[in-house]
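Take a look at the structure set out below.
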Amino acid sequence: MKTLRTVGIGTLIWILGVTLYTLSFYVPILENVELQANMVLFVMVIPLVWMGCKLYYRNNREAHGLLLGMVFFGISAALDALITVPMLIVPNGGNYQSFFIDIKFWMIGLEFILVALMYWSANINLKTKNI
C-alpha cells in the first residue's frame, strides 16, 4: 500500500465530505437540518470514496479493497477527532463521546468500507482474474 498516496486521497475525501456536510446546513430543505446534513453526507460518500479508489488504483493494484476502505475511514475518523469535533461539534454543544458513539458515524464508516470493497471487486479483482 502506498502510504502517502493513501493518506492524501483519504484526506481529500474527508475535506470534500466535511465541506458538503457543512454546506448542506445553508440550504435547508428539511426541518431537521442535522438529519439533512447527515443524509447529504451519506449519499455523497459513495461517489467520494469511489473517486478516491479510482485515484488510488490508477497506477497501483496491490491493496485489497477492504483494507483501503478501512484506511480511508481511519483517516477520516482521525481528522474528525482532530478537526471536526473541536471546531464544529463542541461549539454547538456536542462532545467527542456523542460524536463517536452516534450510529450515523458508524453507518458512514461502514459505507466507506463497503464502497471501497465494491470498487475493488468490480474494477480490480475481476480485471486481474481476466488477465
### Query
When hydrophobic residues are tied together by side-chain contacts of less than 4.5 Å, even through go-betweens, does L68 share a cluster with L4?
no

Just by distance, do the side chain of Q36 and the backbone of I29 share a donor-acceptor pair under 3.5 Å?
yes

Those residues at least two apart in sequence (or on a different chain) that pass side-chain hydrogen bond (donor to acceptor under 3.5 Å, both in side chains) with D80 are W14, T84

M51 vs L16 side-chain heavy atoms within contact, under 4.5 Å: yes

Are F112 and F42 connected in a single hydrophobic cluster, I mean Ile/Leu/Val/Met/Phe/Trp/Tyr linked by side-chain heavy atoms less than 4.5 Å apart?
yes

Smallest heavy-atom separation, L66 atom then I113 atom, equals CD1-CG2, 3.4 Å

Any donor and acceptor pair, going by atom type alone, linking the side chain of Y56 with main-chain N or O of G10 inside 3.5 Å? no

Nearest heavy-atom contact between F25 and A37 is CE1-CB, 3.5 Å

Tightest non-hydrogen contact, residues T6 and I75, listed as O-CD1, 3.6 Å

Would L30 and M39 count as a side chain to side chain contact (heavy atoms under 4.5 Å, CB included) if you check the C-alpha gap in whole Å, the side-chain angles of each, and the deciding distance to 0.1 Å? CA-CA 10 Å; L30 300 177; M39 288 171 54; 3.9 Å; yes

* **Intermediate values then yes/no, side chain to side chain contact (heavy atoms under 4.5 Å, CB included), V115 and L48** => CA-CA 9 Å; V115 170; L48 290 174; over 6 Å; no

Margin query: When you compare the side chain of I9 with that of F72, does any pair of heavy atoms fall below 4.5 Å?
Written below: yes

Check whether Y96 reaches the backbone of A81 with its side chain - one donor and one acceptor, N or O, closer than 3.5 Å. yes

Residues R5 and N59: closest non-hydrogen pair is NH2-N, 4.1 Å

_How about CG on L82, more than 12 heavy atoms from neighbouring residues, nucleotides or ligands closer than 6.0 Å, or not?_
yes

Tell me whether L23 is reachable from L12 by hopping between hydrophobic residues (I, L, V, M, F, W, Y) whose side-chain heavy atoms are closer than 4.5 Å. no

### Query
Any link between W50 and L114 through a network of hydrophobic side chains (Ile, Leu, Val, Met, Phe, Trp, Tyr) touching at under 4.5 Å?
no

In short, G69 meets A116 closest at the heavy-atom pair CA-CB, 3.4 Å

Q: Could you go through the side chain to side chain contact (heavy atoms under 4.5 Å, CB included) check for N123 and Y57 one step at a time?
A: CA-CA 9 Å; N123 294 297; Y57 287 119; over 6 Å; no

For atom CD of E62, is the number of surrounding heavy atoms from other residues, nucleotides or ligands below 6.0 Å larger than 12? yes

Worksheet entry | Backbone of G94 reached by a side-chain donor or acceptor of S98 within 3.5 Å | no

The reported gap from CH2 in W120 to NE2 in H64 (rounded to nearest 0.5 angstrom) is 3.0 Å

If you define the side chain from C-beta out and look only at heavy atoms, does anything of L110 sit under 4.5 Å from F73?
no

Correct closest heavy-atom pair for V45 and I108 would be CG2-CG2, 3.9 Å

* **Min side-chain heavy-atom separation L41-L20 under 4.5 Å** => no

Practice task
Any chance you could lay out the side chain to side chain contact (heavy atoms under 4.5 Å, CB included) test for V49 and C53, step after step, and finish with the verdict?
Solution key: CA-CA 6 Å; V49 173; C53 290; 4.2 Å; yes

Please check if L88 and I83 belong to a single hydrophobic cluster, counting links between Ile, Leu, Val, Met, Phe, Trp and Tyr side chain heavy atoms closer than 4.5 Å. yes

(message) Can you tell me how the ring of F100 sits relative to the ring of F105, calling it parallel under 30°, perpendicular over 60° and tilted otherwise?
(response) perpendicular

Residues 93-111 vs salt bridge (charged side-chain N to carboxylate O under 4.0 Å, His left out), sequence neighbours excluded, gives D102-K104

